[in-house]
2 protein chains.
Amino acid sequence: MKKRAESMAENRAKLLAAARKAFAAHGYAAASMDELTSSVGLTRGALYHNFGDKKGLLSAVVDQIDSEMADYAHQLGAQAGDAWQGLLVEGTAYIEMALNPEVQRIVLLDGPAVLGDPSQWPSQSSCLQSTRQTVVKLIADGTMQQVDAEAAARLLNGAALNAALWVAASPEPKTVLPKAIEAFRVLAGGFLAKAN
Amino acid sequence: MKKRAESMAENRAKLLAAARKAFAAHGYAAASMDELTSSVGLTRGALYHNFGDKKGLLSAVVDQIDSEMADYAHQLGAQAGDAWQGLLVEGTAYIEMALNPEVQRIVLLDGPAVLGDPSQWPSQSSCLQSTRQTVVKLIADGTMQQVDAEAAARLLNGAALNAALWVAASPEPKTVLPKAIEAFRVLAGGFLAKAN
DNA sequence: AAATTTGACATACGAACTGTATGCCAGATA
DNA sequence: TATCTGGCATACAGTTCGTATGTCAAATTT
């Protein structure tokens, strides 16, 4: 005799967890909803009732992972010495997190293909929001040149995440990762205000 | 009484052209192979004989578009004053080309999701090869800092193409495009060797 | 030049998947 | 206690891809 809402929340969580696994393992297109739901003792009925359709389920999963990433990166960045170092740390963190197959497959590959550009996701992409905030601060205090904050955030994130895809696809990720991080930091330096 | 090879080449070209349209219009997943083939007076028999499977067809289309992009960008870059300006022109060209829905949908969204990271495409991504060459030259002549050429090319391309996705998804692309280009050029400046 | 073979493409079939429409029953409500 | 709501299961319809088989024109051989 569980409460109604409680058991429903449990099922939602079960489905989300199963979807994370299934999407990461087989990719969005090849993930079978029948298999996914039965793996947690439910049927597609529960899925379509809770998430509307397959795309809705992906959207929820992307939202969850994206939030976790933003939280972690933001927290790491806040520990850095100054805000500029924080930005670099954040970027580095994105590169490293994107080596996780779950992040890569779901957020970087299938996410944009199925849901469209991250900037128009329901979650508005927490990752982008987070780095945008930092950028705004850095422009205000004169550390960064006066460029469009949104654009700068997009470029930094795009570069970082793309670098991660490259590292992950390379035959020797361990060797290539430091090169990617180094190049990212050098590149990001372009935004620094010229010292006069 | 056409020659065998000739009529086969015609059919291949017809299918490729139809696939470009269909993939761009509906996306890879939603593009029906029956509809696509019958639109040029053929059946799926011709398709599976020529391209193996649906993925093979996408691969061929991506290859074609990617080559066209690289050719155009490289040609434009070569007209610039010096090699550094050429790199910036190339990057700008990628941003502008990626506003084309065909490029965006097929090469930037569905391509990576279905075929994996561009660096492991059969074509090896002509776009990446092209900018990598320029980067190598610029490092050799001391214009750019000594970073890994592959990494630099990946970061620049990633930033540019990602910026384009952002511009295209924005409500007012015309207004946002110049901001993206400006930010890209500032960012790329990070790779410049420090003037001593 | 006639006969034979090849292979490019069409046709037919099977399996899988998504989304919807309907039914059922535990738990909420009165 | 009786009624009702709604979360979830079940059954069904419509598509789609990939393969296996057939066919006929064009190339090859004799």
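A, B, ... follow the sequence lines: proteins, then strands. Residue 1 opens every chain.
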Please list, by residue number, the residues of residues 25-37 of chain A whose heavy atoms come closer than 4.0 Å to an atom of DNA chain D; answer none if no residue qualifies. none

In whole Å, what is the span from the CG atom of B:D53 to the P atom of D:dT16? 17 Å

Return the value, rounded to whole Å, for the distance between atom CD of B:E6 and atom C1' of D:dA27. 15 Å

Regarding B:T134 and B:E90, is there a side-chain donor-to-acceptor distance under 3.5 Å anywhere? yes

Trace of the side chain to side chain donor-acceptor pair (under 3.5 Å) decision for B:S38 with B:R44: CA-CA 8 Å; B:S38 70; B:R44 278 184 329 184; over 6 Å; no

Grab the OH-P distance between A:Y48 and C:dA21 for me, whole Å please. 13 Å

For residues A:I106 and B:L109: do they belong to one hydrophobic cluster (side chain heavy atoms under 4.5 Å, members Ile, Leu, Val, Met, Phe, Trp, Tyr)? no

Contact string for nucleotides 5-10 of chain C, one letter per nucleotide 5' to 3', B = base within protein heavy-atom range under 4.0 Å, S = sugar-phosphate only, - = neither, reads --BBBB

Are any side-chain N or O atoms of A:Q145 and backbone N or O atoms of A:G190, one a donor and one an acceptor, separated by less than 3.5 Å? yes

Separation of atom CD in A:E10 from atom C1' in D:dC8, rounded to whole Å: 15 Å

Can you tell me the distance, in whole Å, between the CG atom of A:L15 and the P atom of D:dG7? 14 Å

Say you draw a straight line from CG of A:L165 to CZ of B:R154; how long is it, rounded to the nearest 0.5 Å? 6.5 Å

State the CG-OG1 distance between B:L87 and B:T143, to the nearest 0.5 angstrom. 10.0 Å

Could you check how far CG of B:L57 sits from C1' of D:dT16, rounded to whole Å? 15 Å

Do B:T175 and B:E172 pass the side chain to side chain donor-acceptor pair (under 3.5 Å) test, and can you show the C-alpha distance, the side-chain angles, and the key distance before you say yes or no? CA-CA 6 Å; B:T175 318; B:E172 290 183 24; 2.9 Å; yes

List the residues meeting side-chain hydrogen bond (donor to acceptor under 3.5 Å, both in side chains) with B:Q79, not counting sequence neighbours, and say none if there are none. none

